[in-house]
Amino acid sequence: MDMSGVITSERGQEQGQEQDQATATAPATDLVDVKPLPVWFFAFEGVCGAAYDLCHAWSGAWMVIAAFAAVNIVVGLTVLRRRMKLVRAMLKNSRTRKIAFGLIALRLGAHAALGAVGAEVTSTAGHLAFAAVMFGATVALLYVDQRIAFKALGLGDAR
């Protein structure tokens with residue numbers, strides 16, 4: 001390779017790095033005026049995390065979950081409309097996907113482990129306890145994920 005090829009290659013790498021830096025800061029500039037989502041907004045995700053056990057504890061729970069989903073959509077599209085960029089950014093975040101898959105693995109692993117030792121969850125109280133744990137874990141993890149994202153983007157406090 002001659003010297004001009006090396007220079008051209010280095011310029012291409014520099015331009016690629018500049019584009020990567022511009023792309024990395026673009027979401028932060030788009031989100032500068034965005035306030036964090038309130039913790040209560042993560043309640044729907046918590047209900048989704050608890051839905052399996054709620055439906056086992058009460059057969060009519062799916063109707064309440066569906067109604068809660070409708071309310072969540074209306075609130076999201078009206079009251080929290082300005083924060084839609086934040087919601088999209090969080091959904092695109094690989095950490096959020098890891099949380100979702102981790103919660104699914106937790107549920108399957110816990111039920112499998114209890115089944116392996118002969119202590120399957122079959123009672124209403126057991127399913128409600130599992131639902132409460134999954135609800136709490138989901139809300140807490142998503143809140144922490146949001147705080148980490150805000151700190152990483154330098155957008156201030158996410159409380």
Side-chain angles (χ1 to χ4, degrees), residues 20-159:
D20 289 345
Q21 290 172 351
T23 308
T25 59
T29 58
D30 287 347
L31 297 173
V32 170
D33 295 332
V34 175
K35 293 181 181 177
L37 294 168
V39 177
W40 60 261
F41 185 74
F42 296 124
F44 175 69
E45 285 75 13
V47 170
C48 287
Y52 175 80
D53 286 302
L54 290 175
C55 287
H56 277 304
W58 177 44
S59 61
W62 69 270
M63 291 184 288
V64 175
I65 293 169
F68 198 49
V71 169
N72 186 61
I73 290 170
V74 170
V75 168
L77 293 175
T78 56
V79 176
L80 300 175
R81 180 73 177 163
R82 290 178 273 138
R83 298 178 181 174
M84 284 305 255
K85 287 182 183 179
L86 176 62
V87 172
R88 286 188 195 114
M90 284 185 69
L91 291 175
K92 289 180 183 178
N93 186 345
S94 64
R95 194 173 45 253
T96 305
R97 288 190 295 269
K98 287 178 186 175
I99 289 171
F101 290 126
L103 288 168
I104 292 169
L106 173 67
R107 169 170 312 288
L108 294 175
H111 280 289
L114 288 171
V117 297
E120 294 176 355
V121 178
T122 56
S123 69
T124 301
H127 282 294
L128 288 176
F130 252 101
V133 168
M134 293 305 295
F135 178 87
T138 303
V139 171
L141 287 171
L142 288 175
Y143 175 70
V144 169
D145 180 39
Q146 174 181 255
R147 290 191 63 193
I148 290 170
F150 263 70
K151 285 183 181 181
L153 294 172
L155 296 176
D157 195 19
R159 290 180 190 239

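Computed from heavy atoms alone, side chains included, the values below leave out hydrogens, waters and symmetry copies.
Residue I65 holds its CD1 atom at 13.0 Å from CG of N72, rounded to the nearest 0.5 Å. Annotation: the span from L108 atom CG to L103 atom CG amounts to 11.0 Å, rounded to 0.5 Å. Rounding to the nearest 0.5 Å places NE2 of H127 at 13.5 Å from CE of M134. The CH2 atom of W58 lies 12.5 Å from the OG1 atom of T124; values are rounded to the nearest 0.5 Å.
The six-membered or imidazole ring of F130 lies away from that of H56, with a centre-to-centre distance of 6.0 Å or more.
Summarising the geometry of A57 relative to L128, their closest heavy-atom pair is CB-CD2, 3.8 Å, with the distance given to 0.1 Å. Closest of all the heavy-atom pairs between F42 and Y143 is CE1-CA, 3.9 Å. G46 and F135 make their closest contact through C-CD1, 3.2 Å (heavy atoms, listed as atom of the first residue, atom of the second, distance). Contact between A131 and L54 at its shortest, heavy atoms only, is CB-CD2, 3.8 Å.
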Item to complete: Please lay out, stage by stage, how T96 and L142 fare under the test side chain to side chain contact (heavy atoms under 4.5 Å, CB included).
Response: CA-CA 7 Å; T96 305; L142 288 175; 4.1 Å; yes
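Under the rule for a side-chain hydrogen bond (donor to acceptor under 3.5 Å, both in side chains), R97 has no partner lying at least two apart in sequence or in another chain.
Side-chain contact between Q146 and F41 is absent, with no heavy-atom pair separated by less than 4.5 Å.
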